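A short worksheet on the structure shown next.
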Amino acid sequence: MRVFTLFVFVLCLVSCEKELELDAEFKTTKLVVYSLFSNNEVWEVEVTNSLNILESKSFEFVDNANVEIQDEGGNLIERLVFQDSSYISAIGTKPQLDKTYRIKVSAPNFETVTSQGKCADNVPIISIDSSSSITQDRWVDKKYTCSLKFKDVAGKENYYAVILKLKRTEIDSNSWSVDTTVYQYDQSLYSRDPFNENNFLFNGPVLFKDRLFDGQEQIVNFTFSLFQSSDRKVIYDNKLQFISMTKEAYDYLMSSELFFERYDDPFSNPVQVYDNIEGGFGIFAGQSIYEIDF
Amino acid sequence: MKNAIVLILLIITIQTVSQSRTVSGFVSDKNSGEKLIGATILETTLKIGTSTNFYGFYSFTTSQKEVEIRFSYVGYKSVIKKFRLDSNIKLNIELEQNNILKEFDVIASENEEIQDDSQMSTVDISMEKVKSLPVLLGEQDLMKTIQLLPGVQSGGEGTSGLYVRGGGPDQNLILLDGVPVYNASHLFGFFSVFNADAINSVQLIKGGFPARYGGRLSSVLDIRMKEGNSKKFQGEGSIGLISSKLSLEGPIAKGKSSFIVSARRTYADIIARPAIRIINQLQFDEKIVAGYYFYDVNAKINHKINKSNTLFLSTYIGNDKFYYNTEWEFGDGRSTFTDITKENIKWGNITGALRCNSIINDKLFSNTTISYSRYKFNVGYYAKYSENNGSDNVLVEYQEDYFSQIQDWTAKIDFDYVPTPNHYIKFGTGYTYHTFKPGVNLYKDLDTSEIFGSSNQYGNEAYIYIEDDIKLGERIKFNVGLHGSSYSINNKNYFSIQPRFSGRYLIEETMSIKASYAKMTQFIHLLTHTSIGLPTDLWVPATDKVAPQYSDQIAIGVAKTVRKQYQVSIEGYYKRMENLIEYKNGATFLGSESDWQEKIEAGKGWSYGGEILVEKKLGKTTGWVGYTLSWTNRQIEELNFGEVFPYRYDRRHDIGVAITHKFDKTKDKKGQEKWIDVGLVFVYGTGNAVTLGLERYKSNKNNNYDSEIVSIGARNNYRMPNYHRLDLGVNVHKKRKRGIQTWSYGLYNAYSRQNPYYLFITTNYQNPNERTLKQLSLFPIMPSVSYNFKF
């Protein structure tokens, strides 16, 4: 697109730049609350601070916050305690299914933030089938084709994600010493199922709603490739997560995946990442993870 | 409904049969023969009358035997004809321009004044005003003059797009001689495609649309080209900083046929080409040819077949092209390598119309048109690499093209029926065959040729309308009509019945209150990505998946003429729009891997506000001051999480001032007449609403690359700084032996305000956390000079 560059160049000839002050409303630092909770795990909430785009500081964990978990009526259930980098339940409290929870976080020099959410239904995997084939291209990859079967919860709008958490260890023993490298990332999954909503991303999970199969047993088909090497040993320790989630968690996951996909793309329309923290940023929503070794 | 229309026509016909006689004919300019549009025909004793239509035709029926009719037009000497009317007569009138208008000459006061007209939200733009106002780089620009009117907003610095009462740029029906023009801008929107020298009249309608118009939601810009001087050969032209133009017109067969041809071209590319070539040859040893140009040609021929029929053939051709070609050649003694690349972006419109005006009888006039309109956009890339060592030759050659196109074939017939001075009925029908090519890729190399992307779509659009401008006594006058349209595409049919009403109630002789309602339907959409009017915006059809756009607009207002010189109008409006489309979050216009229908979301929008226009049309000092206070919002379920967000051009305050002053004529030493006019333009507007990521926070991802989320909070969450600018201009005219010469001097952005064009955040690459919010401004103070001549 050198012609666009030329156009920009011509504009630059007659243009000038000026530095602008940011409006005051964007200068306030806010609390960022992050908690995707599940009835299988104890409460855990991460609290950090936001920055305006012009500040050159780094994000910090806010360790002096008052983090309260309340019931729907605003009654205190538990005040979480800070440990390592997040606030957790000191007594091992777990969220319960079908209950709505509120969170209230306050800290010195920050505006108090609140949010509410409920747990997502537990939806287990009924079965999973996979087959693999070697693809010969520039790299030697192994291509997997998988079918995952589950039963949707009837009469409710449910949201799902399939994520492959990948840990790859490469051991190069051809050289004079043994060299081991570990990679950890979410593997790209491709699905041609009509209900898959994540067909605009190059990388990421399979994301879908149950609008087309409410209450039924459903199969999700997807493929992915794993790197293999002919000159070094590759060991995988993968976890396949099937996540049932609330609408809020789904909107967050969907929009944040898209955000990272389109980051720095000048021709893309801007992406808003969903958040549900009143007065701040982040997400407080329920999800239920069913994880298997894969 | 059909019966009601027949009954009304019958009553009207019965009324007219009762011993009435009709005077009909054309009103034209005495010197050029050019038809005068909107000239007033007034019976002076009864104070009733009519006006000429777009073709200069009038018809006036009365039961009076002795009549005295005054023919008048702004800037022309009135003609009064007194005669006995025993039978229907044809009377063609020629009016002479009045060059000695004084401050209080109010001969035009008999023209229909603003409070008399049943239409509201309508402005006639004088081409003389367009030519005398100062503009960017001295390039006279109709669209930029229109942007100074209340209710009309410009997109951004220097651009010629129109945003009328909260509508998008696609919602303006821009008609050139009745043919729609899809992209009305050159050079990414900095100049409009209309050559002021070829235009006869311009009317802008922002609301209360008469039933004869349809197909767009927000405005109608009806531009009529000149027909060409039928009396003598004449020409005019100009030499400016960026372009030159020439118009020639004259009779082909005197009194029978005439022509006009007008052409314009920029020449920055021709001037800069040798310099670019030499610099690159010396610096990089590479041949580079790069540049940009645009040109446009308007042409029109008319031929009077007989007293009742006239044939018109008109065309507009305009193109823009950006190009960047490189050629690199080297050898290592054994082989020769050649690398050639050619890149270009080009876009342009072609329109053509064949029209026949027929006087069927004294009261009935028809206009039959067959027309063609095409807008095409193309991005092309060509590369060729060759390696020649005498025995083994390598050749790699390929070409990539991305193009989009919209093409219309239209046939229509319109009738004007004037049974009595109290009724002016217009009715007609039309059909358009649309062909859409919304984003197609072509890939071609030595072995393969592949076309992929969105497939062609074909739409059939038909309409029928009837309207009547009715006068009930002295105080009430209204225009009521019905526009019905149908559209079919991919076996999906849409029908729409659109009632229209616009009326006035005369409170006193110089003041009226007005009200209007219009329902509009639009079967095409413009899928637009950026604010700078890139020609990459895609024209796409309503389909079985994407519904047509609809709007309802109501307006009320007051119109008053003060001291016979000042026209004041105050209007309030509310407009609701449905099925507006926008790109999805994260969608990109580049690439055709998915169909455009998969990249969009649809929703609704609304706009409301008030407008004040104070205009002075007579005297040495003329012009207007306009002010708009408005709110415009959008709501799309899948965007902004379903929340309401301001439209990018939601402009709370918008002020436009356009004033010119003509000084008296004087004589120079040689005894030749000279005169000066000066112009002033001032604009002020609330800053555009843009989407900027201004806050950031830690992501839950552990991956280093994805550690930060930049929050944009809401769509269009940030206001650019306010926009204001003052332009000044002086035109010095001198009468020469063979015509008139004019030197025009202009000062665009006289106090060099750094207006925002684009906001962006820069990152210091040595410290990625160090960022700065910056504003890019175009066009500081820009002087201009141009030489114009007329012979």
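Just so we're on the same page: letters track the sequence lines, and every chain starts at 1. This one's a predicted model, so the numbers in the text were calculated from it and none came from an experiment.
Within the model, atoms CG of B/L639 and CG of A/N269 stand 8.0 Å from one another, a figure rounded to the nearest 0.5 Å. The structure places OH of B/Y697 at 13.0 Å from CG of A/L51, a figure rounded to the nearest 0.5 Å. Put simply, CG on B/L694 and OG on A/S50 are 12.0 Å apart, with the number rounded to the nearest 0.5 Å. If you take CG on B/N585 and CZ on A/F259, they are separated by 11.5 Å, rounding to the nearest 0.5 Å. Atom CZ of B/R715 sits about 6.5 Å away from atom CD of A/Q272, to the nearest 0.5 Å. Remark: A/Y274 OH to B/S711 OG distance equals 13.5 Å, nearest 0.5 Å.
What you find for B/I709 and A/S256 is that their closest heavy atoms are CD1-CB, 4.5 Å. Taking both residues in full, the closest heavy atoms of B/I712 and A/P270 are given as CD1-CB, 3.9 Å, listed atom of the first, atom of the second, then distance.
Every ring pair (Phe, Tyr, Trp, His ring centres under 6.0 Å) that A/F37 has, sequence neighbours left out, goes to A/W43, A/F284. Listed by chain and number, the residues in a salt bridge (Lys or Arg N to Asp or Glu O under 4.0 Å) with A/E44 amount to none (sequence neighbours excluded).
Environment of NZ in A/K209: crowded, with over 12 heavy atoms of neighbouring residues, nucleotides or ligands closer than 6.0 Å. Residue A/K18 places its NZ atom among more than 12 non-hydrogen atoms of other residues, nucleotides or ligands, all under 6.0 Å distant. Other residues, nucleotides and ligands contribute at most 12 non-hydrogen atoms within 6.0 Å of the NZ atom of A/K104. Around atom CD of A/E291, more than 12 heavy atoms belonging to other residues, nucleotides or ligands sit under 6.0 Å away. Within a 6.0 Å radius of NZ in A/K247, other residues, nucleotides and ligands contribute 12 heavy atoms or fewer. Other residues, nucleotides and ligands contribute only 12 or fewer heavy atoms inside 6.0 Å of the CD atom of A/E278.
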Verdict with supporting geometry, A/E55 and B/R696, salt bridge (charged side-chain N to carboxylate O under 4.0 Å, His left out) = CA-CA 9 Å; A/E55 281 178 289; B/R696 59 196 182 99; over 6 Å; no
Could you go through the side-chain contact (heavy atoms from CB on, under 4.5 Å) check for A/L54 and B/L773 one step at a time?
-> CA-CA 7 Å; A/L54 308 184; B/L773 174 64; 4.1 Å; yes
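Heavy atoms closer than 4.5 Å to chain B are found in the side chain of A/Y34, but not in its backbone. Contact of A/E19 with chain B is made through backbone and side chain together, with heavy-atom distances under 4.5 Å. Of the two parts of A/V273, the backbone and the side chain both hold a non-hydrogen atom closer than 4.5 Å to a non-hydrogen atom of chain B. Of the two parts of B/P721, only the side chain, counted from C-beta on, holds a non-hydrogen atom closer than 4.5 Å to a non-hydrogen atom of chain A.
Comparing B/I761, B/L759, B/N717, B/T772 by how many heavy-atom pairs each has under 4.5 Å with chain A, the most go to B/T772.
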